Amino acid sequence: MNEMQLLLGTGAFLFAAGLAVIVSKKNAVMVLMGIELMLNAANLNFIVFGRMHPEWHQGQFFALFVIVLAAAEAAVGLALILRVYRYFRTVELDKINQMKG
Amino acid sequence: MQYSSENMNTPINWLTLESVSDSLYWLLPELLLTTLILLLTILIISPVKSDKWQKGLVFFGIGPYVLVNGYFSYVLGETQIQNLFNADMLIVNAQAAKWKILLGLSMLVVLLFPLPLTVKRPRGEYFLLLTGVLLGASLLVIANHFMMVLISLEMISLTSYLLTGLARTRYSAEAAVKYFLFGAAATAVMVYGVSWLYGITGHVSLSGSELAMLENNFYPDWVPFLVVTLISSGILFKVAVAPWHIWVPDVYEQTPTPVVAMFSVIPKLAGFAFLIKWITWLQWPVEEVAVLAVLTMSVGNFAALRQVNVKRMMGYSSIAHSGFLMMALLFPGDASVLFFYAAVYIFMNLGAFLLINYYERMYRIQLIKEYDGFFRISPLFGIYLVVFMVALTGLPPTAGFTAKLFLFSGVLAQFQESGSALLMFTFVFGIINAVVSFAYYVRIPYGMIFRDMHSSVNIFKKYSVLENFLCLFLVLAVLLLFFKPEWLMGWINNSSFAF
C-alpha cells in the first residue's frame, strides 16, 4: 500500500465517519462537527490529488477555499444553534422538533 | 502519473492590467451587487435607524443590475466571453444575461413584498441578505468551474439559512437549524465529490472534454457514477429535487412569506441554469433525469394533497414544479423551453405567494380551511388567486398551460426521435401529475367562493394598493403570455440558446 492510497483511504474514512456522526448523533453541535469532518476529508483529498496534478496548484487553492467556506459555515451554524438554544434551552435535535416532520 | 494533461505544456498566461479591466467590464452586474452590499453594510452600522434609505438603495442597485444585463444580452448576441481574468472560471454570454434578468426582476418583486411583523426592525439585514442571495445566484449562472460553483452555492446557502431564521419565533429558529444542518451536509458531500472529480480528471472546470477521462479503464465503473451523484446532490438539494427535498416543507412553513417566495424562485432558477450546463457537459443519460423528474413531481404532488397549511402546500407544489423543470432537462440541447417555464413559474409563483402574504399579514390566516368565504370580502383578490392557482395547475387560459404545452411537446418530440419507452412513461406521468395537482390547487379558490366564512376569523375589509397593483401586473403577465407566447419566446430565441 503506497502513501497515496493510505492518504485517500484516510480521507474516505474521515468522510464515512462524518456521515455516521451526522446520521447517528442527536446533538446539533455534534452534527456540525460531523460536517466539518466531511469537509476535512475533502480537503485531504484535494491536497493529495494536488500532488498528482501539479499544474496550477488547483488542489491546494481549492483546499484553502474549502477551509474558508467551513469557517463561514461554522460561524453561521453556531449562531443559529445559539438562537435555538435560547428558545428551547436545549440543542438536542429530537427535542426541538415541534413541527410535524 | 498517467493523467498529465495538455495544460502542462501551455505557458501560464499572466494577468495584465488590461485583461483585468476588460474582465471587470463583463462582471459589471456582479460588481454592482457587491457595491450595494458594501453600501448597505455601511448604512446598517450607521446611526440611521429608519430602513427607508436601505430599501431605496436596494432598488437603485438592482434596477441597474437588470438594465446592465439587458444591455449585455443585447450586445453579446452569439459571442461568449470565456477567459475572464485569463482563467476558465466564468462564462458570460447572452443566455446567462437573460437568466440574470429573470433573477433580478423576481428579486425586485420580492423586495416589494411587505414583511410580516415578526421580523426585527430596522430591517437592514433583510435587504443585505437578499442582495447576497442574488449575488450568489448571479455568479452561479455564469459559473464554469467548480470552485466558482461552490462559492456561489455557499453564498446562496449561508444567506438563506440566516433569512430562514430572521423571524423572532421559536419555529423560525427551528426551521433555520434544520435547513442549515441538511444544507451543510449536502455541501460537504458535494465538496467531497468535487475532490474526486479533480483527482480523476485533474480539472474542475466545465470546459474541455474531461468527461472522457471520467470514463477510462483506470477506475472501476461505479467510481464516475458515484462522483457524479455526490456532486449533483449538492445542486439538486438547492433546487429541491426528490429525494433531496426533505427540508422544503418545514422551511417553507415557518419562514417569513416574502423569504419563502424568494426561496421558491431565485436559488431554484439559478440552480437549474447551472444544472443544464452540468447535464450538457456530463451527457447525463436521459433515463436518470427522467426517473428523478417523475419521482420529484409525484412526491411533490401527492404529498401536497393532504396538507392543511397553505405555505406547506406551496412547498410541496414547488417540489412538483422542480420535477417539471427537470423534465425540461430531458432535452438539454434546447434551453428555451426551460427558460420559458422558469419565466412563467416566476410570475405565477410570486403572485400566489404575494396573496398568501397578504392574507397572512391582514387576517393572520395560514390554514387552507381559513380561506373559506373570503371571496365575498375581497372579490378582486379572490379572482387573482383563482388565476394564479389555475396557472400553477397548468390550465388555459393562462401561461402555465403554454409552458406545460411546450414542455410536454418537447418530451414527445424527444420520444419520437429516440424511441425510449422511459420518455413516454415520463410524458404520461407528467399528465397524471398535472391532473392530480388540480385537486389541491383548486381547494383554496373553491373554499373561498363556495363555502361560508369561519367565525373565528375577524372580518373587516382591508385594502392594500401596492399588493393590488403588483398582483394585477402579475395576473396580466400570466394571461398575456398565454395569448402572446411568441413575445417571450421571440426574445428568448433572439440569441442562441443551444450549446
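We name chains A, B, ... by the order of the sequence lines, and we start the count at 1 in each one. Side-chain atoms are counted along with the backbone in the values below, which use heavy atoms only and exclude waters and symmetry mates. What you see is a predicted model; the values in this text were computed from it and never measured.
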Check: Using the ring of each side chain (for Trp, its six-membered ring), is Phe49(A) parallel, tilted or perpendicular to Tyr198(B), with breaks at 30° and 60°?
Finding: perpendicular
Note to self: Quick check: do Phe146(B) and Gln58(A) have side-chain heavy atoms less than 4.5 Å from each other?
What the structure shows: no
Check: Looking at side-chain heavy atoms only, is the closest gap between Trp196(B) and Leu8(A) below 4.5 Å?
Finding: yes
Checklist line | Region of Thr169(B) in contact with chain A, defined by heavy-atom distances below 4.5 Å | finding: backbone
Check: If you count heavy-atom pairs under 4.5 Å with chain A, which of Ser195(B), Ser157(B), Ala176(B) comes out on top?
Finding: Ser195(B)
Notebook entry, point to check: For the residue pair Ala12(A) and Tyr192(B), what are the closest heavy atoms and their distance?
Noted result: CA-OH, 3.3 Å
Next item on the list: Measure distances from Ala75(A) to the heavy atoms of chain B and classify the residue's part below 4.5 Å as side chain, backbone, both or neither.
Entry: neither
Check: Is it the backbone or the side chain of Ile22(A) that comes under 4.5 Å from a heavy atom of chain B, or both, or neither?
Finding: side chain
Next item on the list: Can you tell which part of Leu37(A) gets under 4.5 Å to a heavy atom of chain B, answering side chain, backbone, both or neither?
Entry: neither
Next item on the list: Indicate yes or no: at least one non-hydrogen side-chain atom of Arg170(B) is less than 4.5 angstrom from one of Phe88(A).
Entry: yes
Next item on the list: Kindly compute the distance separating CE (Met190(B)) from CG (Leu39(A)), expressed to the nearest 0.5 Å.
Entry: 12.0 Å
Notebook entry, point to check: Looking at Ala167(B) and Arg83(A), what are the two nearest heavy atoms and their distance?
Noted result: O-NH2, 3.1 Å
Next item on the list: Measure the shortest side-chain to side-chain distance between Glu73(A) and Phe180(B) over non-hydrogen atoms and say whether it is less than 4.5 angstrom.
Entry: yes
Item checked: Check: Gly199(B) main-chain N/O paired with His53(A) side-chain donor or acceptor under 3.5 Å -> yes
Next item on the list: Over all heavy atoms of both residues, which pair between Leu80(A) and Val177(B) is shortest? Give the atoms and the distance, please.
Entry: O-CG2, 3.6 Å
Next item on the list: Name the member of Phe65(A), Phe62(A), Phe61(A) that forms the most heavy-atom pairs with chain B at distances under 4.5 Å.
Entry: Phe62(A)
Check: Where is the tightest heavy-atom contact between Leu158(B) and Ala72(A), given as atom of each residue plus distance?
Finding: CD1-CB, 3.8 Å
Check: Measuring heavy-atom distances to chain B, does Val84(A) have an atom under 4.5 Å in its side chain, in its backbone, in both, or in neither?
Finding: both
Next item on the list: Nearest 0.5 Å please: distance from the NZ atom of Lys95(A) over to the CD atom of Glu174(B).
Entry: 14.5 Å
Next item on the list: Compare every heavy atom of Ala185(B) with every heavy atom of Met38(A), then report the nearest pair and how far apart it is.
Entry: CE-O, 4.1 Å
Margin query: So, taking the atom named CD1 in Ile35(A) and the one named OG1 in Thr187(B), what distance separates them when rounded to the nearest 0.5 Å?
Written below: 8.5 Å
Checklist line | Contact summary for Leu181(B) and Ala28(A), nearest pair of heavy atoms | finding: CD2-O, 4.2 Å
